[in-house]
Every structure is written in C-alpha cells, then in structure tokens.
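What follows is a short report on a single structure.
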Amino acid sequence: SIGKKHKFWESQPVGQFKDIGDASLAEGPIEPPTLLSEVKQEPYNLPSQYEWTTCDIDLEETCTEVYNLLTNNYVEDDENMFRFNYSKEFLRWALRPPGYYRSWHIGVRAKGSKKLVAFITGVPARIRVRDEVVKMAEVNFLCVHKKLRSKRLAPVLIKEVTRRVHLENIWQAAYTAGVVLPTPITTCQYWHRSLNPKKLIDVGFSRLGARMTMSRTIKLYKLPDSPATPGFRKMELRDVPAVTRLLRDYLSQFIVAPDFDENDVEHWLLPAENVVDSFLVESQENHEITDFCSFYTLPSSILGNQNYSTLKAAYSFYNIATKTPLLQLMNDALIVAKQKDFDVFNALDVMQNQSFLKELKFGPGDGQLHYYLYNYRIRNGIAPSELGLVLL
Ligand SMILES: CCCCCCCCCCCCCC(=O)CSCCNC(=O)CCNC(=O)[C@H](O)C(C)(C)COP(=O)(O)OP(=O)(O)OC[C@H]1O[C@@H](n2cnc3c(N)ncnc32)[C@H](O)[C@@H]1OP(=O)(O)O
Ligand SMILES: CN(C)Cc1n[nH]c2ccc(-c3ccc(F)cc3OCCn3ccnc3)cc12
C-alpha cells in the first residue's frame, strides 16, 4: 500500500525506520515466543511449479547443487565484476557447527526439472547482547536464481526459515546484508589490503594510484617472507582450551558478540585447509598463549577477465592481542596470507580493526555491510567498534 517502502519487512518483528529515536521502546525481544503448538506445522506455499527441499550437504551431489547455485547466482559487487565463490568444503564448515539442524538448510526446486533454484540457511548460535546470552539462528546464503528474481520469492524463503527456527523454540536471528533493510544495528565499512597488487590491478579490483608505477606499487605492498613475532605458530587441537579462555575474555568488551564455548572454538577456529587459518603467539618463557589471529578463505569469481578466473581473498575473522601489539600481530597475519598465495586480505571496521587498517595499508572498499537482529531491539544501535561478531 502507499508509503510502504518495505512491504515484507514492515510486517516483520524487526526495528522499523519509523521507530528510530523512540526511547519508549524497550530493548530486547520485540514479540514474545509463541507456543510450539501454535507454530505453523506445514511449510509456506510456494508458486505451484516449485517445491521445498531440505539440502543434505553431506551428500556430495546435493552439496554440488548448492555450490553451483551460489557460484552462479550469489552476491556480486556493485559493479558486477566479482561474485562470491564459496567452496564446498567452506559450505560444509559454515553449515555444520555444533548443534546444527539439517532442516535449516532449505532449498527450492522446480517440480519438473528438480533443478535447485533457491536456497536459505540457518545455523544455531548463542549471541550475547550486552548481558543477555540469546539463542539465535544465524541466517545466511539466501539466494534466488537470477532467472527468478523480483517475484517475491525471498519473503517466502525468509518466512519458511523463520518457521523452522521457531519449531526449535528459537525466536531471534542475526544476519548481515550489503543492502539497507529495516533496521541495521550497525553499519560496517569493509577494507582491502593488497597482497598481489599486479593481479588486483590487472583484473580491475584496484587501480594504479596517481603518479604511481606498477613497480612502485608492488614495492609499496611488499611484505617480509616470515612473521616477526617470536612464538607465532599455527593453532592446534591442544590449544582449544587456552584460545577459548582468551577469546571469551576478549569478546566480553563488545556489546554484541558470540558466546563461544570450547566446542564452538574447535569448530570455528581450528585450522581447516582452504577454509580457515588461525595462528597464536605462545610465550617463549612460560608457554602462555597471549595472542591470536585468524582469517577465512572466500574466493570470488572474476566475471569476464581473459587471464584470471578467481580472486583469492582472505577475510579477517577473530583477532586478539594481549601482549603483542595488534599492529604487529595483524602484519604477521598479512605475511602468512601472502605466503599462502592470497591476492587480497579483507577486513571490516569491527572490533579494534580501525586501529590497524590505515597503518597496514588497507584501502577502503566501495560498499558497506549492515548487521541485523530479528525480533530483538537494540536501542539506538551500536558502533562497529562495539560489535564482536563476524558472519561468513
Ligand atoms: C526467529 C528466526 C528468524 C530467521 C529469519 C531472519 C531474517 C533473515 C533475512 C534474510 C537474511 C539473508 C542474509 C544473507 O543471506 C546474506 S545477504 C546476501 C543475500 N543474497 C544475495 O544477495 C544473492 C544475490 N541476490 C539474490 O539471490 C536475490 O536478489 C535475493 C534472494 C537476495 C532477493 O530476491 P529478489 O528476487 O531480488 O527479491 P524478491 O524475492 O522479489 O523479494 C524482495 C524483498 O526481499 C527483500 N530483500 C532483498 N534482499 C534481501 C536480503 N539480502 N536480505 C533480506 N531481505 C532482502 C527486499 O527488501 C524485499 O522486501 P521488502 O519489500 O520488504 O523491501
Ligand atoms: C557476510 N556475508 C553474509 C556475505 C555477504 N553478503 N552480502 C555481502 C556484501 C559485502 C560483503 C563483504 C564483506 C567484507 C568485505 F571485505 C567485502 C565484502 O564484499 C565486497 C563486495 N563483494 C561482494 C561480492 N564480491 C565482492 C559480504 C557480503
């Protein structure tokens, strides 16, 4: 109807633009939980030629279908030059954390061809908001095939994942998007640190600076061959208890942050080839673990370039500096990312990242990433530096 800019989102229990600044609205859940018997038992209606499917990503062929749908139809940059290319092993990691529900890996197939044409996922997470730890779903990988866009399929996918999350007695969610929706709890800038400037310029990701030559640019971004910090090493299984303690302490300073336990740390932060890398600093004298850094592997397909098909990107994940200066720790992260042949190292301006971005020669990206909570109001929102949550 008239004046409704977000017909779907204005019907949802999310902060509404019209409510911004209304101090009378309490922080916390917007709607109370309903009785499980009152949750809609059957799936939402799809247009008649489509059907719901649960995607069992442990099955090689199903994981391949999901991979192919996302590879061809998922998020592109504003200039449609790059598209995220999450790998199959990354998807298995992202979608099977401790306590995951297979029923939250939701697909839509065309009835005739059985082709997978849409997807949306949730994974369970405990998210602390100030002093409250809330069971939430982290919703991600919302994707509708390019040929089925602008048919209002997304609201149906969102309502269906909401219904399935409700069936597990969970009433809140966290998600991010590059688009503005009602209503961000914070808006982050993303930054890029060139590791392979020649390739980044060749593919149009970066441009040669004014009064800069290629050789001068290569020199500008050159890094040492190995990390500077004594005791800097790869994280191992035996480090999980110490890293968990370090991480829980560190994240307690932020208003919104995951409430990770040892099982979560083992899943999300133990190194997994081509998925996630994590390093720590073990003090030489007392073998205490004093610092930690991590990044995940998310390549982007390069659309329409003769010489290159993939941009190898590392994304800053969780970093903790208690003894080593954060600047030095992150420079060591850049060094190991370059050693692993990444082309670029990306970071959001969340947590304490703003303290190293410019000094380590990150350049600002061309867009923003907005963070959202579903059915949970945070009065006035928060600053990116008050946010301790990184979603994949
Ligand atoms: C208690 C549990 C709760 C769980 C649920 C929590 C909430 C989870 C929410 C999901 C979180 C996902 C997080 C995530 O995955 C990370 S953000 C990445 C989303 N995916 C992509 O960008 C891939 C490429 N694009 C597409 O596949 C389509 O364009 C999509 C599917 C994005 C929209 O398909 P479409 O064919 O282009 O559009 P219609 O079907 O005609 O629908 C239009 C309506 O969709 C609203 N829309 C557009 N983009 C959105 C987005 N990224 N989030 C939420 N809503 C989005 C839009 O505002 C409009 O609603 P409005 O009229 O009210 O404005
Ligand atoms: C977070 N997760 C939900 C995926 C997701 N969805 N929507 C997005 C919009 C921006 C970023 C993002 C986050 C950090 C970053 F350093 C660069 C980014 O996008 C660059 C532009 N781009 C898009 C595709 N290829 C390149 C991620 C996402």
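First listed ligand is number 1; within each ligand, the first listed atom is number 1. Atom set for the values below is all heavy atoms of this structure, side chains included, hydrogens, waters and symmetry mates excluded.
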Worksheet item: Heavy-atom contact under 4.0 Å between P155 and ligand 1?
Response: yes
Worksheet item: Regarding N274 and T297, is there a side-chain donor-to-acceptor distance under 3.5 Å anywhere?
Response: no
Discussion item. Does only the side chain of N140 get under 4.0 Å from ligand 2, or the backbone, or both, or neither? Count heavy atoms.
Written reply: side chain
Worksheet item: Under a heavy-atom criterion of less than 4.0 Å, does F141 contact ligand 2?
Response: no
Worksheet entry | Closest to atom 2 (C) of ligand 1 (judged by heavy-atom distance), picking from L181, N73, V165, L392 | V165
Worksheet item: Taking distance alone, with no angle check, do I158 and ligand 1 share an N/O pair under 3.5 Å?
Response: no
Item to complete: For atom 21 (C) of ligand 1, state which one of V75, L69, L391 supplies the nearest heavy atom.
Response: V75
Discussion item. Tell me the nearest of R149, R152, K5 to atom 28 (C) of ligand 1, using heavy-atom distances.
Written reply: R149
Practice prompt. Can you confirm whether something in the protein, heavy atoms only, sits under 4.0 Å from atom 33 (C) of ligand 1?
Written response: yes
Response to the item:
Counting from 1 in the order shown, the ligand 1 atoms closer than 4.0 Å to a non-hydrogen atom of L153 are 40 (O)
Worksheet item: Under 6.0 Å from the NZ atom of K114, do we count more than 12 heavy atoms belonging to anything else shown?
Response: yes
Discussion item. Less than 4.5 Å apart, side chain to side chain, heavy atoms only: is that true for L91 and W93?
Written reply: no
Worksheet item: Judged by modelled atom types alone, do Y175 and E138 share a side-chain donor-acceptor pair under 3.5 Å?
Response: no
Fill in: Residue and atom name of the nearest protein heavy atom (relative to atom 64 (O) of ligand 1), distance in Å to one decimal
H6 ND1, 2.6 Å
Practice prompt. Mind telling me whether Y372 and H370 have parallel, tilted or perpendicular rings, with 30° and 60° as the class edges?
Written response: tilted
Practice prompt. Would you mind checking if R126 and E132 are paired as a salt bridge, meaning a charged N to carboxylate O distance below 4.0 Å?
Written response: no
Worksheet item: Would you call R248 and D261 a salt bridge, using N to O less than 4.0 angstrom?
Response: no
Worksheet entry | Counterpart residues, ring pair (Phe, Tyr, Trp, His ring centres under 6.0 Å), relative to Y101 (two or more places apart) | W104
Item to complete: Select one of side chain, backbone, both or neither to describe which atoms of L392 lie under 4.0 Å from any atom of ligand 2, heavy atoms only.
Response: backbone
Discussion item. Tell me whether R149 at atom CZ has more than 12 heavy atoms from other residues, nucleotides or ligands lying less than 6.0 Å away.
Written reply: yes
Discussion item. Other residues, nucleotides and ligands only: do more than 12 of their heavy atoms fall within 6.0 Å of CG on D225?
Written reply: no
Discussion item. Could you identify the single nearest non-hydrogen protein atom to atom 35 (P) of ligand 1 and state the distance to 0.1 Å?
Written reply: S150 N, 3.8 Å
Item to complete: Please confirm whether T176 comes under 4.0 Å of ligand 1, counting heavy atoms of the residue only.
Response: yes
Worksheet item: Hey, does F141 come in under 3.5 Å of ligand 1, counting only N/O atoms on both sides?
Response: yes
Worksheet item: Which residue supplies the protein heavy atom nearest to atom 49 (N) of ligand 1, what is that atom called, and how far is it?
Response: V179 CG2, 4.2 Å
Worksheet, complete the sentence: ligand 1 atoms nearer than 4.0 angstrom to some heavy atom of K7 are 61 (P), 62 (O), 63 (O)
Discussion item. Return the closest protein heavy atom for atom 27 (O) of ligand 1 as residue, atom name and distance.
Written reply: V144 N, 2.9 Å
Worksheet item: Is ligand 2 under 4.0 Å from a heavy atom in the side chain of R83, in the backbone, in both, or in neither?
Response: neither
Worksheet item: For atom 40 (O) of ligand 1, what is the nearest protein heavy atom, given as residue, atom name and distance?
Response: A154 N, 2.8 Å
Worksheet item: What about the rings of F141 and H105, do their centers lie closer together than 6.0 Å?
Response: no
Worksheet entry | Any G365 heavy atom less than 4.0 Å from ligand 2 | no
Worksheet item: Who passes side chain to side chain donor-acceptor pair (under 3.5 Å) against S283, sequence neighbours left out?
Response: N286
Worksheet item: Who gets closest to atom 21 (C) of ligand 2 by heavy atom: F345, F362, Y190, F82?
Response: Y190
Discussion item. Please classify the Y175 to ligand 2 contact at 4.0 Å (heavy-atom distances, strictly less than): side chain, backbone, both or neither.
Written reply: neither
Discussion item. My question is simple, although I want it checked carefully: is atom 59 (C) of ligand 1 less than 4.0 angstrom from any protein heavy atom?
Written reply: yes
Worksheet item: For atom CD of E61, is the number of surrounding heavy atoms from other residues, nucleotides or ligands below 6.0 Å larger than 12?
Response: yes
Worksheet entry | Heavy-atom nearest neighbour of atom 46 (C) of ligand 1 within options W9, Y175, F119 | W9
Practice prompt. Could you please spell out the steps behind the side chain to side chain contact (heavy atoms under 4.5 Å, CB included) verdict for S294 and W268?
Written response: CA-CA 10 Å; S294 58; W268 290 120; over 6 Å; no
Fill in: Taking atom 4 (C) of ligand 1 as the reference point, the nearest protein heavy atom with its distance
T162 OG1, 3.5 Å
Discussion item. Geometry only, no angles: is L369 polar-contacting ligand 2 at N/O separations under 3.5 Å?
Written reply: no
Worksheet entry | Pi-cation contact, F279 with K234 (under 6.0 Å, within 45°) | no
Worksheet entry | Y86 touching ligand 2 at heavy-atom level, < 4.0 angstrom | yes
Item to complete: Give a yes or no answer on whether the side chain of N196 reaches the backbone of V344 with a donor-acceptor pair at less than 3.5 Å.
Response: no
Worksheet entry | Option nearest atom 19 (C) of ligand 1 (shortest heavy-atom distance, choices L369, L142, V139) | L142
